[in-house]
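In the text below, chain A, chain B and the rest are named by the order of the sequence lines, each starting its count at 1.
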There are 4 protein chains.
Amino acid sequence: MGSASNDKHTSILDAAYGLFGSAGFYETKMSQVAEQAGIAKGTIYLYFKNKEELFMAVTQRDCEGFLKQLEEKLGAENNLNGKLAVIADHHLFYYYDRKQHTKLFFRAPNNNPELVAYMTQFIEQYTQAVMKVLLEGGATEPELMAQSYIGMLDRLKMDILFHPDFTADDARKRSLFAAGLFINGAMNALHIPEAEAPPS
Amino acid sequence: MGSASNDKHTSILDAAYGLFGSAGFYETKMSQVAEQAGIAKGTIYLYFKNKEELFMAVTQRDCEGFLKQLEEKLGAENNLNGKLAVIADHHLFYYYDRKQHTKLFFRAPNNNPELVAYMTQFIEQYTQAVMKVLLEGGATEPELMAQSYIGMLDRLKMDILFHPDFTADDARKRSLFAAGLFINGAMNALHIPEAEAPPS
Amino acid sequence: MGSASNDKHTSILDAAYGLFGSAGFYETKMSQVAEQAGIAKGTIYLYFKNKEELFMAVTQRDCEGFLKQLEEKLGAENNLNGKLAVIADHHLFYYYDRKQHTKLFFRAPNNNPELVAYMTQFIEQYTQAVMKVLLEGGATEPELMAQSYIGMLDRLKMDILFHPDFTADDARKRSLFAAGLFINGAMNALHIPEAEAPPS
Amino acid sequence: MGSASNDKHTSILDAAYGLFGSAGFYETKMSQVAEQAGIAKGTIYLYFKNKEELFMAVTQRDCEGFLKQLEEKLGAENNLNGKLAVIADHHLFYYYDRKQHTKLFFRAPNNNPELVAYMTQFIEQYTQAVMKVLLEGGATEPELMAQSYIGMLDRLKMDILFHPDFTADDARKRSLFAAGLFINGAMNALHIPEAEAPPS
DNA sequence: CATGAATGAGATTTCATTCAT
DNA sequence: TATGAATGAAATCTCATTCAT
């Protein structure tokens, strides 16, 4: 019983996830969502108040899943390097595993304050999770460090979305690269005279 | 006359830049652009084929300006560390200087292949510019390094858009932080036993 | 059992009466009627073919009650003045007693011929009832007189609907006023030279 | 120029007047209004913000015309009886002349407070105009008298709307009847023993 | 008898674009 | 060139009604 009603709710979310993810908010029509979910247009409105709320629900489910999985993986790891590697892996493979659905990823309605608030909060939570790892390692500027690490990963993931022939090995290579660069810096790979280097 | 028509072309671009930048593509109405530019709606179509092309033109002008300024600044600098600092500064201050117009930055129409192609090309050019600097420094994985550095900067810039009280000093601090972290890595700031550290 | 089903029929009518009466036909939703009646939406359709028929039934019950009560009161009175007073009282207090439910009174679907027919018939019956009283008094133009009297009363009642602080005393005052004006005319209250007055 | 733009505004109002008047607010579709006015659907929205405002504009134009004409006719008449006759004539012939367009007259959206406010104000203005006449005649209860007179007229007009064979002579007869009844009362036409009559 | 999830026709409204002036 | 009134396609959302349980 519960699962039956749950099924419809879920199939709407799934359909919306695929469409919003690949075409964006405005380009996705409620009729497409209904068709994809195999239900009538009006039925969507029994489960979601309107298009924006549906988008919000899709976003939340996705973000929560991202964070929850990350926490689980971090819990299973207890040394610092390992945790940084877990973060990199998670970030890259999360998108790699969903590359079909997030070809262009989210294009959200801009003027929805609730959504902006939610996304801000999501980013903060993600940043907090990374900061926590860094603090355990004794970092002095954990917030900027966390942001930097996340930024690196986010850019390194982009090619997943654009290059159709991106492989899991490519993802793993980037994940390792990111962790290494973050910890050791680029200095070793660059010819920087000691005298030139800015104070670390 | 030539300059007069040029003026109109420019004022449309300026108006569109402000509106697209602060409200996004779909939320910006052609009538608003016309009003802001001080011309009639129909006149826009004498200069731009349609809304998407106008958006494209706005994006191009912005991206080209970004790259051109970057090249100029890099040309004036000849040591590696200096160039990395220039990149960081440019990235952060470009957005800092335009924070009024890019509060939410661009929300583009997703299904316009030309735009997607252009954005891809822009990112590539930006990456190439950074790679060139890194290659001069002898980097072994210049592309991943360039992407990582750009990613760091892009994330560190986010707070400019979200925190209204972000100051120029905050921007400068982050720019220095980014360059330092990129070169030296986080190791020095973290308690990582040598044995634990992955090979760089 | 009969009474149980009767109860449900009645509670639907009661709910619909309150909602149609205060919000109008189109503004009242079948789901609201169901909720107010404490039953499921589908159940309404076991008792009434559709929304229009429900509206019709509500209207009929109300109109029939209005006429039935009037007849009873008229039967208990046997002089002409008394009967006219009864009519005035009945008209004003009927609405006064229901002012909660008829704040905006009925807004009916316009294109339902059955309803139009019923309302016409109701007005005719009401007019007939008043005419009968007037005929017993020997009136020469009983129909126009009856319509005029009803019209006076109907307008004098309006303030009940609009002024929330309308009291029962106000209603009684208006009822007396109407009967007096109808019988004696305005002449006594106006400075009309005999010569000016039209022939009665 | 002015008249050209005015023409479109007017033709929308005319079309809406006819449709709202004969079919009611909800039953009238904006597409019908556009078709009747000979323009495109979207054009209506250049002149009126939405359906409710169009309805409001139609109502206002009608009510203002009613009051303005009444004032003009009253200004041309200077004895009391004549003015009362003018009011009766105006009320009946206004509807008689428009019987095509007001077969069912207005059925308004119930929940529009602006419209309710406007209608209330209109009724007050009409009442005031009648009161002014009565006050000049020295009436003691001018408001109740005015309401009563208007009510009589409003009911006497109803048959215009329902009986297709209602003639101008019928209207004139009713107008005279109303004025006579209002001034002289029904007493003369009824067998009411003096003793029975309530105090006037 | 009773339910309420599901339906889908249909209405209002927006806004990019056109074109006669 | 420049205008801006007019267009009409297209999208969201509502809600009376049905029907399997």
| request: Identify which nucleotide among F/dA6, E/dT18, E/dT14 has an atom closest to any side-chain atom of B/Tyr45, counting heavy atoms from C-beta outward. | output: E/dT18

| Whole-Å distance between F/dC13 P and A/Lys41 NZ? | 11 Å

| request: Please work out which of the three classes, parallel, tilted or perpendicular, describes the rings of C/Tyr95 and C/Phe66, given edges at 30° and 60°. | output: tilted

| query | Heavy atoms under 4.0 Å, any strand shown: does A/Ile44 hit a base, just sugar-phosphate, or nothing? | reply | nothing

| query | C/Phe20 versus C/Lys51: any side-chain heavy-atom pair under 4.5 Å? | reply | yes

| task | Map B/Gly42 and D/Glu52 onto DNA chain E by nearest heavy atom, then report which one ends up closer to the 5' terminus. | result | D/Glu52

| Given that both distances must come in under 3.5 Å, which nucleotide forms a Watson-Crick or G-U wobble pair with E/dT21? | F/dA2

| query | Touch check for D/Lys29, heavy atoms < 4.0 angstrom, all strands: base, sugar-phosphate only, or nothing? | reply | sugar-phosphate

| remark: Residue pair A/Thr43/D/Leu46 against DNA chain F: nearer the 5' end by closest nucleotide is D/Leu46

| field | Separation of atom CZ in C/Phe25 from atom P in F/dA16, rounded to whole Å | value | 8 Å

| field | Close side-chain approach of D/Leu13 and D/Tyr47, heavy atoms under 4.5 Å | value | no

| query | With nearest nucleotides of DNA chain E determined for D/Asn50 and B/Thr28 from heavy-atom distances, which residue corresponds to the more 5′ nucleotide? | reply | D/Asn50

| message | For a quick test of reading the model: is some side-chain N or O of A/Lys8 closer than 4.0 Å to OP1 or OP2 of E/dA6? | response | yes

| remark: When rounded to whole Å, the CD to P distance for the pair D/Glu53 and E/dT12 reads 16 Å

| query | Between D/Tyr118 and D/Asn112, does any side-chain donor sit less than 3.5 Å from a side-chain acceptor? | reply | no

| Does D/Tyr47 place a side-chain N or O at less than 4.0 Å from the phosphate oxygens OP1/OP2 of F/dA6? | yes

| task | Select base, sugar-phosphate, or nothing to describe what B/Lys51 touches, counting heavy atoms under 4.0 Å on all strands. | result | sugar-phosphate

| Over 12 foreign heavy atoms within 6.0 Å of CD, A/Glu35 | no

| request: Give the rounded distance in Å between these two atoms: CD1 of D/Ile39 and P of F/dG4. | output: 20 Å

| Once you round it to whole Å, what is the distance between P of E/dA11 and CD of D/Glu27? | 12 Å

